[in-house]
Each structure stands twice: as structure tokens, then as C-alpha cells.
Q: 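Pasting in a structure now, in C-alpha cells, and then I'll have a few things to ask.
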Amino acid sequence: MKRFGYLFLIFVFSNSSCKKGEFEISNLNGNKIGILGHGGMGISSTYPMNSVESILNCLYLDSDGTEIDVQMTGDGVLVAFHDENLDGRTNGSGIVHQMNWSEISGVQYNSPIMQGYEVRSLRALFTALENADKIKGRRFSLDCKNFDGNFGPESLEKYCNALYEIIDEFNAVDNVILELQSDVFIDKVRTERPDLTIFVFQDVEKALEKAINDQLDGVVASIDNITKEQITYAHAHNVMVTLFNTQSKQRNIDAIEMNPDFIETDRLEHLISVLK
Amino acid sequence: MIPPLKKFLLLLRIILCLFAFGGLTFSQTDSVAKHSIYVNGAGPGGYWSLNYAHNFQLGNALYLSPSVGFSTLHLRDFTRTFNPDIIFPVGVHFTYGNKHRAEFGVGETFSSVVRYDAGSLGAKRFLELHTYFVFGYRYQPPLGGILLRAFYSPILEFNQRYRHWGGISIGYSF
């Protein structure tokens, strides 16, 4: 009986150790951590990452927004898809940046079985978001990927124009964060569209240096590659921080304790239950 | 739209399943456990399913078990509305052996799944069919008791693409 008593106490304490409002948040996002889904509902969800269903489900759960993986097809269409290659995750085949959108349109994710969720263009995704009720004003952190080794100025121009077109068409200037990796990409967007929010997604030290020197808005880092001190340093220089790679409840808590401005989580419901 | 020939073949398969379910009572013997209830881990219902099978003895060690199952994946759709995905595997399974049996089966999985529809810009329910096959091992004493299965169950998903799949079952016959 005594043993059950101890077990009960352990259960109670383990469940009450991370209740709402327990964290002292001090950041550049109004002292609140923005809760973003990772590609919507995250990597272990029954909805495939970056599918419309995953993104909408994430927003209807009352998150503050979501990260979306973006890449460009050979004919300049932006696609919400994580991998370079369609093989494996979908019933399609081929490298996204070498294909035209007409070859990708209609491709379905392989998982979950017998569900048939489709790979969508970024435009289709934003159209769905625009027409959905009760989810206005959320943040979309666009992880702008580029797997093309021969990515030249012409392709960059095309990529940037495609991004600007969608952001402007959907009046999303204030809602979009661009996660950019290459200096050339960052410099071009910064020069052409200073109204857009740019987060640097590089090696952390380099990213911090770039963000501080160029007065960019923030950096993106894996929870494993950045320290709490580096986040404090970023805040001191007016640079926000987004953390990702929180695939467990404990890693959500670890991320909160590092005091970032945004967390892109794979355990969305847990993070919402802890922070809201 | 499903082409007419495909539609006809699907209908034929459904009728065969129903015929197998209702039309073979003449070959039963009283001693055989007629009912089986089992849970599938993976298998024709997707990730899991709860199934009922009616058992018929066709010969000395030959049995036929038409089965129907139920499964779901999401109870709420992506707008958080209660709107469950519904999955029904229906099939006929032949087994050969007494306690230890070899199994072959074929059937259709009917899925009613809620997805985003770009036409209506919202959630829409899609009804689809998937043909499945079962090749496996089954432990099922003829007079009843525990039922165990391990099987390879490839699925012709959306009746368009072949997917390797399999599963295990645990249940009871009576």
C-alpha cells in the first residue's frame, strides 16, 4: 500500500512539474514564446509534414503559427515539401528542383496508409489558409530550402520573385518569417525587401554574427547547437531566436528554459498545454 | 470518376464478399467454433482494426472465414471537428490445417477519409476502395479458443499502387 502511495506521489509531482505560467519568459517577442508547429503537426504526426491537413490542424489547435518547408521546382513554382527527392515519402519520383510543377501536382504522401494526402504548392497552402475560419493572423516561418548545386543568380531571382509574389498576394508581410541559409539569398532579400522578416539559418556562431552585423531579425537553431548564453547574447543585440528539434516533451521544456522567442515543435499539443 | 469497367469489377468483388459471407452456411458443422473476434496490429485495416469472422468448414482441414473489420485513424478532422476517418476491411479468408493453418485471403478495404479539398477549399470526405491480399500463418483450434495470426497483406492502395504491408492478430474463437 505504501508503495502505491509513493507511486501516486511521483505521478502527481511528475505531472505538476511543468504547469502553465511556471516559466519566466524574457525575450524580444513580448516576453512570450511563440508556439510554431514543425511543418504543421511535426515529424511524428499522423498528418504528413507540410501537408495542408497538417498545417491547418496545427493552427486549429491554437498555435501561434507554423514552420513550412519551401523549395522551388524547375519551372519556378514554390512547393511545400521537406526533402530534395519525392521518392520514399510520396508515391512520386524525382528531384523537386529538377521537375516541373505539373509533374508533382497530385503526388500523394505514402504515409499514413490509405489516406491520400497530397503534396501542395505554397500558393495552394496559402489559399487554404486564407479561406479557413478562425485562424487569421498567425505566423508562417518559411524554411526556404535550396538543394540545387547549380543555383545561379537567375534561379535566385526566380525564387525571390516567387516568394515576394505570394507574400504580397496574400498580404502576409507581417505574418511571414523567411528562414534563409545562404548569404547571397539573405543579402538579396534584405536589399530588395527590407520590410520582410529574415531569420538566418546557418551555423549558430556565423548566424549570430551575420544577424548582428546586418541587423537582421533573428536566427534559427537546433536546440542541440545553441546555448542559453548565446540566446541571451542574441537578445542583447536585438536578435530573436527560433529553436527547433524538440521531438519530446522534455525537449520542449528544455527549449522553454533556454528562453527563445519561438519554438518550432514536433510535440505541439504538449507545448501549447505548457505555455497557454 | 471511376471508369465503368472498374466500377463493375469493384461491384463484383463486393458481391463476392457478401456472397461468401451469407451463402455458405450449408457446409458448416456444429463442432467448429463459428465465430472469431480478433484485433489486427497493422493489416488490411491500416494501423489496427477490430474484426469479426464467421467460420465455415469446407472440408476435412479446409475452412472459409469471411470477415469484416473496423478501424479509424483520426476521430477529429484537421479543423478539429468531430468527423472520424472510417475504415472497413471486408474479405474472405481460406485456411488449411487444424490448429496450425496456412491462410490465404482477399478482400476490399473501404475507407472514408476526411481530407482537404482544393475545390471547395475545406474538409471533404472521400470514399475509396483498396484491394488487399493475405498470405500467412494462423493458429486457431477448430473447436475454439485463442486465435493468433501473422501475415503478409499487400494492399493495392486506391486500387492503383501496390504497397507491401503485413500484420499480426490476436483474438478468440467460440
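Chain letters run A, B, ... following the sequence lines, proteins first, then strands; residues in each count from 1.
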Q: Any idea which heavy atoms bring A:Ala80 and A:Val119 closest together, and the distance?
A: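 Scanning both residues completely, I find the closest heavy atoms to be O-CG1, 4.3 Å.
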
Q: Are there donor-acceptor atom pairs under 3.5 Å between chain B and chain A, and if so which?
A:
from     : atom 1 : to       : atom 2 : distance (Å)
B:Tyr47  : OH     : A:Ile113 : N      : 3.1
B:His74  : ND1    : A:Tyr117 : OH     : 3.4
B:His74  : NE2    : A:Thr46  : OG1    : 2.6
B:Phe78  : N      : A:Tyr47  : OH     : 3.4
B:Phe78  : O      : A:Asn57  : N      : 3.3
B:Arg80  : NH1    : A:Asn57  : OD1    : 3.2
B:Arg115 : NE     : A:Gly116 : O      : 3.3
B:Arg115 : NH1    : A:Gln115 : O      : 2.5
B:Tyr116 : N      : A:Glu53  : OE2    : 2.8
B:Tyr116 : O      : A:Arg120 : NH2    : 3.3
B:Glu157 : OE2    : A:Met114 : N      : 2.6
B:Arg161 : NH1    : A:Gln108 : OE1    : 3.1
B:Arg161 : NH2    : A:Gln108 : OE1    : 3.0
B:Arg163 : NH1    : A:Asn110 : O      : 3.4
B:Arg163 : NH2    : A:Asn110 : O      : 2.1

Q: Once you round to the nearest 0.5 Å, how far does CZ of A:Phe170 lie from CZ of A:Phe140?
A: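 That separation rounds to 11.0 Å.
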
Q: Give the minimum heavy-atom separation between B:Pro89 and B:Asn51, together with the two atoms involved.
A: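 Where B:Pro89 meets B:Asn51 most closely, the heavy atoms are CG-OD1, 4.0 Å.
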
Q: What are the two closest heavy atoms between A:Phe199 and A:Ile177, and how far apart are they?
A: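 Here A:Phe199 and A:Ile177 meet closest at CD1-CG2, 3.5 Å.
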
Q: What I'd like to find out is whether the side chain of A:Phe262 reaches to under 4.5 Å of the side chain of A:Ile35, using heavy atoms alone.
A: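 The answer is no, as the side chains (C-beta and beyond) never meet within the 4.5 Å cut-off.
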
Q: Show the nearest heavy-atom pair for residues B:Val134 and B:Pro44, with the distance to one decimal.
A: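 Shortest heavy-atom contact: CG2-CG, 4.3 Å.
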
Q: Which of residues 135-147 of chain B get closer than 4.5 angstrom to chain A, counting heavy atoms alone?
A: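 The residues closer than 4.5 Å to chain A amount to none at all.
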
Q: Taking all non-hydrogen atoms of both residues into account, name the closest pair between B:Gly166 and B:Ala42 and its distance.
A: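 Heavy atoms of B:Gly166 and B:Ala42 come nearest at O-CB, 3.1 Å.
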
Q: So how far is it from B:Phe158 CZ to A:Met114 CE, rounded to the nearest 0.5 Å?
A: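 Separation between the atoms: 8.5 Å.
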
Q: Based on non-hydrogen pairs under 4.5 Å, which of A:Ala124, A:Gly116, A:Ala128, A:Ala132 is most in contact with chain B?
A: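 Top option by heavy-atom pairs under 4.5 Å: A:Gly116.
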
Q: Might you work through the ring-ring contact (aromatic ring centres under 6.0 Å, His included) test for B:Tyr52 and B:Phe70, ending with a clear yes or no?
A: CA-CA 9 Å; B:Tyr52 168 78; B:Phe70 169 79; over 10 Å; no

Q: What pair of heavy atoms forms the shortest contact from B:Ala33 to B:Asn55, and how long is it?
A: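 Result for this residue pair: O-ND2, 3.0 Å.
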
